[in-house]
Amino acid sequence: VVMGMADRGHIPKLFSKRSKHGTPTNGIILGTAVIVVMGTSNFDQLIEMLNFNYAIALLMEYAAFIKLRIAQPEVERPYRIPLNTFGCILLFTPTCIVTILIMA
């Protein structure tokens with residue numbers, strides 16, 4: 001992940017450097033350092049952070065789904081939910097509300 005972000009210019013190019021075997025050495029070192037630092041912290045807090053990040057990602061997926069449904073309705077998709085846009089909004093509204101309430 002770190003190497004891919006560096007290749008695309010999202011983080012410094014230092015992390016896209018590879019060893020002679022093709023492994024992203026600096027990215028592996030950074031990942032190991034993050035794991036060691038997080039491993040010394042409270043496990044309950046780590047679980048809370050993971051769940052919070054998952055909830056944010058889920059809300060972003062729902063928002064992207066609705067936005068694409070409105071902005072590009074004619075695009076061919078591998079699967080289409082058999083509801084109109086308003087029906088999809090109604091389908092996701094309870095989930096979004098409960099997710100936001102739990103995060104608060």
Does Lys17 reach the main-chain N or O of Pro24 with its side chain, forming a donor-acceptor pair under 3.5 Å?
-> no
Non-hydrogen atoms of [X] and [Y] that approach each other most closely:
X	Y	answer
Tyr62	Cys96	CD1-SG, 3.5 Å
Asp7	Lys13	O-NZ, 3.3 Å
Met3	Ser16	CG-CA, 4.1 Å

Just how far is it from atom CE of Met103 to atom OH of Tyr54, taken to the nearest 0.5 Å?
-> 13.0 Å
Roughly how far apart are Phe15 CZ and His10 NE2, rounded to 0.5 Å?
->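 Result: 15.0 Å between the selected atoms.
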If Ile, Leu, Val, Met, Phe, Trp and Tyr residues are connected whenever their side-chain heavy atoms lie under 4.5 Å apart, and connections chain through other members, are [X] and [Y] in the same group?
X	Y	result
Met49	Ile100	no
Leu58	Phe65	yes
Val34	Leu14	yes
Leu91	Leu59	no
Val36	Met38	no

Who else is in Ile97's hydrophobic cluster (ILVMFWY, side-chain heavy atoms under 4.5 Å, direct or via others)?
->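 Direct or chained contacts put Ile97 with Leu101.
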Acceptor/donor pairs from residues 71-90 side chains to any protein atom, 3.5 angstrom cut, sequence neighbours excluded:
unit_1, atom_1, unit_2, atom_2, d
Arg77, NH1, Gln72, O, 3.4
Arg77, NH1, Val75, O, 3.2
Arg77, NH2, Leu68, O, 3.3
Arg77, NH2, Gln72, O, 3.1
Asn84, OD1, Phe86, N, 3.4
Asn84, OD1, Gly87, N, 2.7

Taking only residues at least two apart or on different chains, which pairs with a member in residues 19-46 satisfy side chain to side chain donor-acceptor pair (under 3.5 Å)?
->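 For residues 19-46: Ser19-Thr23.
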